[in-house]
Amino acid sequence: MSSIRVRFAPSPTGELHVGGARTAILNWLFARKNKGAFILRVDDTDSDRSERKFVDNILESLEWLGIDWDEGPGRGGEYVPYYQSERLDLYKKEINRLLENGRAYWCFCTEEELQEGREEAKRKGIPFLYPGKCRNLENSRVKELKENNLPCVVRLMSPEEGKTTVEDQIKGEVVFENRHLDDFIILKSNGLPTYNFASAVDDVYMQISHVIRAEEHLSNTPRQLMLIEAMGYRPPLFAHVPVILAPDKTKLSKRHGATSVEEFRARGFLAEALTNYLVLMGWAPPDDEELFTMDKAVMHFDINKVGKTAAVFDEKKLAWINGHYIREADLDRLTEISIPFLQNKGMVPDEITSQEKDMVKTVLEVSRERIKSLEELPELCDFFFTEDFAFHEDALKKVFSREETSGNLELVYKKLASLEELSPENIQASFKELSEENNISLSKIVKPVRAALSGKLMGPELNNIMIILGKEKVLERIEKAKNLKT
RNA sequence: GGCCCCUUCGUCUAGGCGGUUAGGACACCAGCCUUUCAAGCUGGCGGCAGGGGUUCGAAUCCCCUAGGGGUCACCA
């Protein structure tokens, strides 16, 4: 009965946010480390904002990240169903128990009434707490009001004195005074449970041992503890992880750029880079190494060592990590995931042949160490795929504006034309000979050739470019570039 | 405003029991390598929010102040 069971319980009101992803990863690491179970539960009690497409997005994002769940959507489990919207009978049952035991009560206060109270409290500069007006309604009165179909909710009869303390695995002991907490709503007038209630009930029923979730839930925790106490169950342990901040130190949101896992994937980040980075904000392995696999993270993970401070999301560091994984990735796999980025720019056809695929692979081999995200690939290597590549402004200004460029290209043309086939050796030798024979610097030869072949001043090694392009195209492009003088 | 959490280089962090020139990484700068750009290597810049205590000795313990964040919904 002491088995470790954790859960990630997103509400499908948006795409999987990197903050949510980190919470999921932390839960997953904890479960894997302790040979426990990682449960995925969909907290969709907000019928207005929950959408099926977001459920799909969250599931896909988690799968893409490699965060697999032992129980949950698509996988079933002992505590099925894992959608709160399908567990309504259970909540109803627990609400009724609470009602019968006098630990909860029906409340018929209207929105207007409450709003008035809030405004008055604001005027007085004191926090608004529900005054408990409906606490002691006679049963007959309740029955009467209900028969008249008056909108009503159920509130928990919360203790007025004492303290509720949360033994948080990350924050330590956090104490809340019960008098600051009012009789909060557990059943909404639309018949659906509130988050606090459904979450507490499910955590208990699903035998969750540790609730690892975002810090913003810390202030909800005493309420859930009260609920669990009122229902007569044992509460799980809690661990609240700090939020992720944007560079301006406010909560990371859409206006800061990419925030969802899907957006990062679309921008050319690798799953292992994103997970590595996300784990790194708030946790560090014992050896302080920053680049690690999830396997290694699992081996050393310790929830108690997760930092208490909110971390600023640093895209530069993510990019560095991503560059590392791009360089390390299996080339075939990298080829597969790179193709869409090329197709996106029309560089390779949507229906790709195996020859074209091989070409992408070859190009990747000589280009990968120059990019930090797959998104940068098209611009870096467009000239490998088309004759219609653009000449970069720098190339025009620094190379093609020069008097001697045309003549030098002509020299190169002649020299290369005499070669049987291009090889690293004979290309090298040719350039060297040209330099010596004509007494011109190597760079005066090399730069124009690079510019002629790629339209750029920087890029993969020239040898590689020439060999991949092949003698025919190389000569064609040099010929064409001779007349490009600006 | 009430309640709660947090505070080590610009950023992410390491710093069980108080004694370190406060360590690493990203970024930035410089150099090396190099037929470009990267990558790689080497070096540099840069920090314990402030103030009081406790102590022979505090980034580490206590208190206060300041700053940041979260939350105060019939949202999760």
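Order of the sequence lines fixes the chain letters, A, B, ..., with proteins taken first and strands second; residue numbering starts at 1 for each chain.
- The CZ atom of Arg123(A) sits 18 Å away from the C1' atom of rG2(B) (whole-angstrom rounding).
- Between Lys305(A) and rG16(B), a side-chain N or O to OP1/OP2 separation shorter than 4.0 Å is absent.
- Base contact: Asn463(A) has a heavy atom under 4.0 Å from a base atom.
- Taking the charged nitrogens against the carboxylate oxygens, Arg123(A) and Glu119(A) have no contact shorter than 4.0 Å, which rules out a salt bridge.
- Distance, Lys171(A) NZ to rU7(B) P: 8 Å, rounded to whole Å.
- Between His217(A) and Tyr195(A), a ring centre-to-centre spacing shorter than 6.0 Å is recorded.
- Between Phe30(A) and Phe301(A), the ring planes are perpendicular. Angles over 60° get that label, and only those under 30° would be called parallel.
- Using the six-membered ring where Trp is involved, Phe264(A) and Phe313(A) have ring planes that are tilted, between 30° and 60° apart.
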- Query: What is the per-nucleotide protein-contact pattern of nucleotides 22-28 of chain B, from the 5' end, where B denotes a base atom under 4.0 Å from a protein heavy atom, S denotes such proximity for sugar-phosphate atoms only, and - denotes neither?
  - Reply: -BBBSS-
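- Of all nucleotides listed (rU8(B), rC4(B), rU11(B)), rU11(B) comes nearest to the side chain of Val312(A).
- With respect to Glu113(A) and Lys133(A), a salt bridge is recorded, a charged nitrogen being found less than 4.0 Å from a carboxylate O.
- Distance CG (Asp248(A)) to P (rU11(B)): 13 Å, rounded to an integer number of Å.
- Counting any heavy atom pair closer than 4.0 Å across all strands shown, Leu457(A) reaches a base atom.
- As a whole-Å value, the separation of Glu173(A) CD from rC5(B) P is 10 Å.
- Spacing of C1' atoms, rC17(B) relative to rU13(B), comes out at 22 Å, to the nearest Å.
- Comparing rA22(B) with rC4(B), their C1' atoms are spaced 31 Å from each other, to the whole Å.
- Comparing the same atom, C1', in rG52(B) and in rC45(B) gives a spacing of 33 Å after rounding to whole Å.
- Between Arg179(A) and rC3(B), a side-chain N or O to OP1/OP2 separation shorter than 4.0 Å is absent.
- Atom P of nucleotide rU34(B) and atom CZ of Arg370(A) are separated by 16 Å, given to the nearest angstrom.
- Within the nucleic acid shown, Val175(A) comes within 4.0 Å of sugar-phosphate atoms alone, with no base atom in reach, counting heavy atoms only.
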- Task: Take Phe238(A) and His210(A) through the ring-ring contact (aromatic ring centres under 6.0 Å, His included) test and state the conclusion after the steps.
- Result: CA-CA 6 Å; Phe238(A) 291 88; His210(A) 301 253; 9.7 Å; no
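- Note on Pro460(A): a base of the nucleic acid sits closer than 4.0 angstrom, heavy atoms only.
- A cation-pi arrangement is present between Lys482(A) and Tyr413(A) under the rule of less than 6.0 angstrom and at most 45 degrees off the ring axis.
- Within 4.0 Å of Gly459(A), counting heavy atoms only, lies at least one base atom of the nucleic acid.
- Within the nucleic acid shown, Glu461(A) comes within 4.0 Å of at least one base atom, counting heavy atoms only.
- A cation-pi arrangement is found for Lys146(A) relative to Trp106(A), the charged atom lying closer than 6.0 Å to the ring centre and inside a 45° cone about the ring normal.
- Across all strands shown, Phe184(A) has no heavy atoms under 4.0 Å from either base or sugar-phosphate atoms.
- Here the separation of rU8(B) from rG68(B), taken at their P atoms, is 15 Å to the nearest Å.
- Using P as the reference atom, rA38(B) and rC26(B) are 16 Å apart when rounded to the nearest Å.
- In this structure, His240(A) places its NE2 atom 13 Å from P of rC6(B), rounding to the nearest Å.
- Listed for the Asp43(A) side chain is no donor-acceptor partner under 3.5 Å among the backbone atoms of Ser11(A).
- If you take atom C1' in rC29(B) and the same atom in rU20(B), they sit 27 Å apart, rounded to whole Å.
- In this structure rA22(B) sits in no base pair that meets the Watson-Crick or G-U test at under 3.5 Å.
- Here the separation of rC12(B) from rG46(B), taken at their C1' atoms, is 15 Å to the nearest Å.
- Side-chain proximity of Val174(A) to the nucleotides rU8(B), rA38(B), rC5(B) is greatest for rC5(B).
- Base pairing of rC33(B) is not made with any nucleotide, judged by Watson-Crick or G-U wobble geometry with both donor-acceptor distances under 3.5 Å.
- Along RNA chain B, the nucleotide nearest to Leu442(A) and the one nearest to Met281(A) differ in position, and the one closer to the 5' end is contacted by Met281(A).
- Nearest-nucleotide positions on RNA chain B place Gly282(A) closer to the 5' end than the other of Met458(A) and Gly282(A).
- In this structure, rC17(B) makes no Watson-Crick or G-U wobble pair, since no nucleotide meets both defining distances under 3.5 angstrom.
- Remark: aromatic rings of Phe391(A) and Phe389(A) are close, center separation under 6.0 Å.
- Looking at heavy-atom distances under 4.0 Å, Lys447(A) makes no contact with the nucleic acid at all.
- Remark: the backbone N or O of Pro460(A) is paired with a side-chain donor or acceptor of Arg450(A) at under 3.5 angstrom.
- Remark: Arg155(A) qualifies as a cation-pi partner of Tyr130(A) under the 6.0 Å distance and 45° angle criteria applied to the six-membered ring.
- The distance from atom NZ of Lys249(A) to atom C1' of rG69(B) is 10 Å, rounded to the nearest whole Å.
- Ion pairing of Lys414(A) with Glu410(A) is present here, as a side-chain N (NZ or NE/NH1/NH2) and a carboxylate O approach within less than 4.0 Å.
- One N or O on the side chain of Asn322(A) and one on the backbone of Gly268(A) form a donor-acceptor pair closer than 3.5 Å.
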Just the atom pairs and distances: protein N or O near nucleotides 61-67 of chain B's N or O, under 3.5 Å.
none

- Per-nucleotide protein contact string for nucleotides 70-76 of chain B, where B marks a base within reach and S marks sugar-phosphate only (heavy atoms under 4.0 Å, - for neither): SS-SBBB
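- Asn276(A) and His324(A) form no side-chain donor-acceptor contact under 3.5 Å, judged by distance and modelled atom types alone.
- Across every strand in view, rC3(B) sits in a pair with rG70(B) that passes the Watson-Crick or G-U test at under 3.5 angstrom.
- Going from the C1' atom of rG18(B) to that of rU55(B) covers 9 Å, rounded to whole Å.
- Checking rG44(B) for Watson-Crick or G-U wobble geometry (two distances, each under 3.5 Å) identifies rC28(B) as its partner.
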